[in-house]
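Working notes, beginning with the structure itself.
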There are 2 protein chains.
Amino acid sequence: MYELFYKKITELITISETEFNFCKTLFLPKKLRKKQYLLQEGDVCKYNTFVSKGLLRSFTIDNRGTEHILQFAFEGWWIGDIYSFLTEKPSLFNIEALEECELLLISKPSMDLLLEKVPAFERYFRILIQNNLIATQRRLMGTLSETAEEKYTNLVNNFPGCLQRVPQHMIASYLGITRETLSRIRSQMAARK
Amino acid sequence: MYELFYKKITELITISETEFNFCKTLFLPKKLRKKQYLLQEGDVCKYNTFVSKGLLRSFTIDNRGTEHILQFAFEGWWIGDIYSFLTEKPSLFNIEALEECELLLISKPSMDLLLEKVPAFERYFRILIQNNLIATQRRLMGTLSETAEEKYTNLVNNFPGCLQRVPQHMIASYLGITRETLSRIRSQMAARK
DNA sequence: AAATTACATTGATCTATGTCAACAAAATTA
DNA sequence: TAATTTTGTTGACATAGATCAATGTAATTT
């Protein structure tokens, strides 16, 4: 349960065994079956979540009823609604398990305590958020400049593993295109090569 | 030059006068005239920049020659290419002054020194990046779910000041639509009300 | 003040992608 | 294993927004 967790943390910061043991006490282990929700739109996101095992997605539903996926979270990633978590306001996002999951949850008070007692985590979370911001900026620029096919091929290149574990219509939703369009793009690409 | 800078910092963290004086020594003041560039695509972004006065934009040019604006930066905001700044790899972005500007620049080594000597800045930058991430996530979701008109009205509501200082075709570029489309949307809206 | 450049508008037409609908194949569940 | 649900494909058609082009006007520069 904690091996990957320890590995990911120590990739970015140095902490003592004592500090890590203290850290562990602040997290709540939780298992989720496929299709279960970790967060529902309208609820406050009480926890920031580390994925030890499995796969989840966060998504919104717009006023036309269409789903839009913000993020997939595989093992070793974090997921949550950062806005709702920090402000304690209702979330616009749903978070759903796409596979059976093993998770580590940390509440806001525990997070504050962790940052206070082990300041190295200040740095850890800054780096995580930095990387997330860089990725989100890229995705935004891609959304504005690329065709549907370019978006798909970029995803395939940058994220090959995704296709094996995520249903196609969710890939389409992540890319901001319809499943029909993605299906056609794939068959065109297959025909060409 | 430093009043707004001091104000913005102390809105988020508490630092002593000594610490602020030390901090000031790490920043390089710079003035830019309208249309001058702070960063050009292909160059490494050597500085993270606080805007004391004026207005800038960061943008990319895609392979079709179309500009896409990532950010406008008004007084009190930061601008730079976070990816290039952190990795020292060539930037994909241009940063251009839209008005005459007064800026405070900090290099990577100085930033590292600042974070080391005044750890409260670790928290300051984490919060900045957090807020930037939240805003970028929102913008991304909006890009995927909203019509051109919705994007425009949301911008007008959340950011009324923008329209007075930024030319319309750049607003269009920021929203990911053409200037012609924005012009038509505006005339439709004016006709309706 | 004249010349040039940047910015905005409007019309005609085009196109990438969406929508709707029918169908089939997998995968889950009963 | 039958029934249901989820997922993916394909065709016909619709449409939001892009593109191209012409024109006017405001703002800079000379």
Side-chain angles (χ1 to χ4, degrees), chain A residues 33-37 55 57 59 61-69 72 94 96-100 142-156 162-192, chain B residues 33-37 55 57 59 61-69 72 94 96-100 142-156 162-192:
Chain A
R33 304 208 135 265
K34 199 171 167 171
K35 297 201 184 176
Q36 280 190 309
Y37 278 63
L55 167 60
R57 64 167 179 153
F59 65 101
I61 301 175
D62 68 26
N63 38 37
R64 288 153 203 99
T66 310
E67 287 180 2
H68 301 278
I69 296 180
F72 295 113
N94 301 277
E96 182 197 13
L98 299 183
E99 299 176 356
E100 196 169 322
T143 296
L144 297 179
S145 64
E146 292 158 9
T147 63
E149 178 168 340
E150 286 167 338
K151 285 172 202 170
Y152 179 67
T153 52
N154 286 339
L155 183 73
V156 171
C162 210
L163 305 188
Q164 271 64 61
R165 292 170 69 182
V166 178
Q168 246 179 70
H169 71 277
M170 288 189 193
I171 302 275
S173 162
Y174 179 83
L175 296 176
I177 62 183
T178 60
R179 55 156 167 270
E180 292 94 334
T181 296
L182 181 55
S183 175
R184 280 185 256 262
I185 283 169
R186 281 168 48 89
S187 77
Q188 282 163 33
M189 287 172 61
R192 273 208 302 272
Chain B
R33 303 209 135 263
K34 199 172 167 171
K35 296 200 185 177
Q36 282 190 308
Y37 278 63
L55 168 60
R57 64 167 179 154
F59 65 101
I61 301 175
D62 69 24
N63 38 37
R64 288 154 202 97
T66 310
E67 287 180 3
H68 301 279
I69 296 179
F72 296 112
N94 301 275
E96 183 197 12
L98 299 183
E99 299 175 357
E100 196 168 323
T143 296
L144 296 179
S145 64
E146 293 158 8
T147 64
E149 178 169 340
E150 286 167 339
K151 285 172 201 168
Y152 179 67
T153 51
N154 287 339
L155 183 73
V156 172
C162 210
L163 303 188
Q164 271 63 62
R165 291 170 69 180
V166 178
Q168 246 179 70
H169 71 277
M170 288 190 192
I171 302 274
S173 161
Y174 179 83
L175 296 176
I177 62 182
T178 59
R179 56 159 167 266
E180 292 94 334
T181 296
L182 180 55
S183 175
R184 280 184 255 263
I185 283 169
R186 281 167 48 90
S187 76
Q188 281 164 34
M189 288 172 60
R192 271 209 303 270

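The model shown is predicted, which means the values in this text are computed figures rather than measured ones. Chain letters run A, B, ... following the sequence lines, proteins first and then strands; every chain starts at 1.
At C/dA8, one or more side-chain N or O atoms of B/His169 fall inside 4.0 Å of OP1 or OP2 (strictly under the cut-off). Distances shown here put a side-chain N or O of B/Gln168 below 4.0 Å from the OP1 or OP2 atom of C/dT9.
Listed nucleotides C/dG18, C/dT9, D/dT10 differ in distance to A/Thr181; the shortest reach to its side chain belongs to C/dG18. The side chain of B/Thr147 lies closest to D/dG17, out of D/dG17, C/dA8, C/dG18. For B/Ser183, counting side-chain heavy atoms from C-beta on, the closest listed nucleotide (C/dT10, C/dT17, D/dT9) is C/dT10.
Mapping A/Ser187 and B/Ile177 onto DNA chain D by nearest heavy atom places A/Ser187 at the nucleotide closer to the 5' end.
Going from atom CD of B/Glu67 over to atom C1' of C/dC7 covers 13 Å, rounded to whole Å. A straight line from NE2 of B/His68 to C1' of D/dA18 spans 12 Å, rounded to a whole angstrom. The distance between atom OH of B/Tyr152 and atom P of D/dA16, rounded to the nearest whole Å, is 20 Å. Look at CD on B/Gln188: it is 12 Å from P on C/dG11, rounded to the nearest Å.
Looking at heavy-atom distances under 4.0 Å, A/Leu182 makes no contact with the nucleic acid at all.
For A/Gln36, there are no side chain to side chain donor-acceptor pair (under 3.5 Å) partners, not counting sequence neighbours. Not counting sequence neighbours, the partners of A/Phe72 by the ring-ring contact (aromatic ring centres under 6.0 Å, His included) test are A/Tyr174. Listed by chain and number, the residues in a ring-ring contact (aromatic ring centres under 6.0 Å, His included) with B/Tyr152 amount to none (sequence neighbours excluded).
Between its opening and closing five pairs, the helix from C/dA1-D/dT30 to C/dA30-D/dT1 changes axis direction by 60°, a value rounded to 10 degrees.
For the salt bridge (Lys or Arg N to Asp or Glu O under 4.0 Å) with A/Glu149, the qualifying choice from A/Arg184, A/Arg192, A/Arg186 is A/Arg192, the only one to do so.
Of the possible polar contacts, none joining the A/Ser145 side chain to the B/Asp62 backbone as a donor-acceptor pair under 3.5 Å is found.
With a 6.0 Å radius and a threshold of 12 heavy atoms from other residues, nucleotides or ligands, A/Arg33 has its CZ atom at or below the threshold.
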Short N/O separations, protein against nucleotides 26-30 of chain C, under 3.5 angstrom:
residue: C/dT28; atom: OP1; partner: A/Lys34; partner atom: NZ; Å: 3.2

Under-3.5 Å N/O pairs linking protein and nucleotides 20-22 of chain D:
residue: D/dC20; atom: N4; partner: B/Glu180; partner atom: OE2; Å: 3.3

